[in-house]
Protein chains: 2
Amino acid sequence: MKKNVQPTSPEGETIAFTAECPGRAVFNHIASRWGLLLLVTLGERPLRFHLLRDSIEGISEKMLSQTLKFLVRDGLVRRLVEPTIPPRVTYELTPIGGELAAPLRDLVGQLGRRVPDILAAQVAYDRQP
Amino acid sequence: MKKNVQPTSPEGETIAFTAECPGRAVFNHIASRWGLLLLVTLGERPLRFHLLRDSIEGISEKMLSQTLKFLVRDGLVRRLVEPTIPPRVTYELTPIGGELAAPLRDLVGQLGRRVPDILAAQVAYDRQP
DNA sequence: CGGTATCCCATGCGATACTG
DNA sequence: CAGTATCGCATGGGATACCG
């Protein structure tokens with residue numbers, strides 16, 4: 001039997017996902033270059049398409065659109081259209097998206113606090129051949 | 001001024017990273033296909049190279065080695081070598097790695113619990129053209 | 001404004017083979 | 001056992017142009 005990570009309990013032995021299980025696909029959407037950043041950004045407040053693009057430095061419209069579509073399909077993000085002219089589209093986290101975004105905010109917060117330590121570790125690592 | 005995410009406070013307005021800041025590179029190591037899975041897996045217990053490979057379904061030795069190297073350089077993972085023959089190499093989280101892995105375990109736990117809801121959302125999404 | 005379509009290149013990543 | 005080296009393709013993803 002494969003060792004791999006079933007989404008078991010908090011105290012379970014293995015935590016991850018098998019290569020083919022549906023959870024793994026969702027996991028990949030989240031653990032992607034833009035997915036995580038998107039969830040964290042939307043975790044702060046709902047945003048419209050262009051504001052989202054401006055808030056996430058470096059993302060192209062294509063990837064923004066594509067990543068949003070995955071997250072909407074997974075039920076983590078909701079797409080709200082006001083049928084004005086021009087249209088006004090807002091994206092916001094669903095309750096489930098919010099649950100998942102919360103630990104990600106923690107992650108980013110911790111990471112931000114630890115950047116100096118990490119930089120120091122990199123310098124130390126690079127010093128030795 | 002760019003909107004982008006400085007690693008500010010828990011209650012700060014923006015949370016993410018600018019495209020070029022050092023935190024973003026680390027963030028990308030974590031938010032990669034294998035980085036997140038690796039941190040979660042090592043969050044449970046230290047593991048040797050081959051066990052790690054067996055624990056993370058689908059990872060190749062190349063990507064395992066490469067991703068581990070990034071994480072070691074960032075100071076999130078420690079590499080312990082017992083100079084026996086054959087050598088025995090164990091990887092474990094550093095304290096900083098542990099801090100960052102904790103919210104990721106939460107994420108995976110939440111995700112696991114929500115898989116049924118997510119699957120339902122996907123079905124609903126696919127139903128409408 | 002909020003996208004989609006197309007093109008195309010960079011790289012991520014797996015497969016295989018080899019090494020200390 | 002714990003990797004590195006090389007190869008090659010599939011995919012990610014940026015640039016540009018276009019549409020309702």
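Throughout, protein chains are lettered first and strands after them, A, B, ... in sequence-line order, and every chain is numbered starting at 1.
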Here the distance between atom C1' of dT4(D) and atom CG of Leu68(B), to the nearest Å, is 14 Å
From the candidates dT4(D), dG2(C), dA2(D), the one with an atom nearest any side-chain atom of Lys69(B) is dT4(D)
Rounding to 0.5 Å, atoms CZ (Phe49(A)) and CZ (Arg79(A)) come to a distance of 9.5 Å
Less than 4.0 angstrom between a side-chain N/O of Ser65(A) and OP1 or OP2 of dG2(C), yes or no? no
From NE2 of His50(B) across to P of dT4(D) the rounded distance in Å is 13 Å
TODO: Answer yes or no: is there a side-chain heavy-atom contact under 4.5 Å between Val89(A) and Arg48(A)?
DONE: no
In whole angstroms, the gap separating P of dG3(D) from CG of Leu47(B) amounts to 13 Å
Rounded to whole Å, CG of Leu64(A) lies from C1' of dG3(C) at a distance of 10 Å
Phe49(B) CZ to dT19(C) P, in whole Å, measures 18 Å
Report yes if at least one side-chain N or O of Arg79(A) is closer than 4.0 Å to OP1 or OP2 of dG2(C); otherwise report no. no
Of all heavy-atom pairs linking Leu111(A) and Gly23(B), the shortest is CD2-O, 4.2 Å
When clusters are formed by joining ILVMFWY residues with side-chain heavy atoms under 4.5 Å apart, either directly or through shared neighbours, do Val123(B) and Ile118(B) land in the same one? no
Starting from Val81(B), can I reach Leu42(B) by hopping between I/L/V/M/F/W/Y residues whose side chains sit under 4.5 Å apart? yes
Under a 4.5 Å side-chain heavy-atom rule over Ile, Leu, Val, Met, Phe, Trp and Tyr, are Val26(A) and Phe70(A) clustered together?
-> no
From CZ of Arg88(A) across to P of dG2(C) the rounded distance in Å is 8 Å
Presence of Arg48(B) side-chain N/O under 4.0 Å of dA2(D) phosphate oxygens OP1/OP2 = yes
* To do: Return no unless some side-chain N or O of Tyr91(B) is found under 4.0 Å from OP1 or OP2 of dC1(D).
  => no
When rounded to whole Å, the CG to P distance for the pair Leu51(B) and dC1(D) reads 9 Å
Contact string for nucleotides 5-20 of chain D, one letter per nucleotide 5' to 3', B = base within protein heavy-atom range under 4.0 Å, S = sugar-phosphate only, - = neither, reads --B-----BBB-----
Taken to the nearest whole Å, CZ/Phe70(B) to C1'/dG12(C) is 11 Å
- prompt: Do Leu80(A) and Leu64(A) share a hydrophobic cluster, counting only Ile, Leu, Val, Met, Phe, Trp and Tyr and linking them when any side-chain heavy atoms are less than 4.5 Å apart?
  reply: no
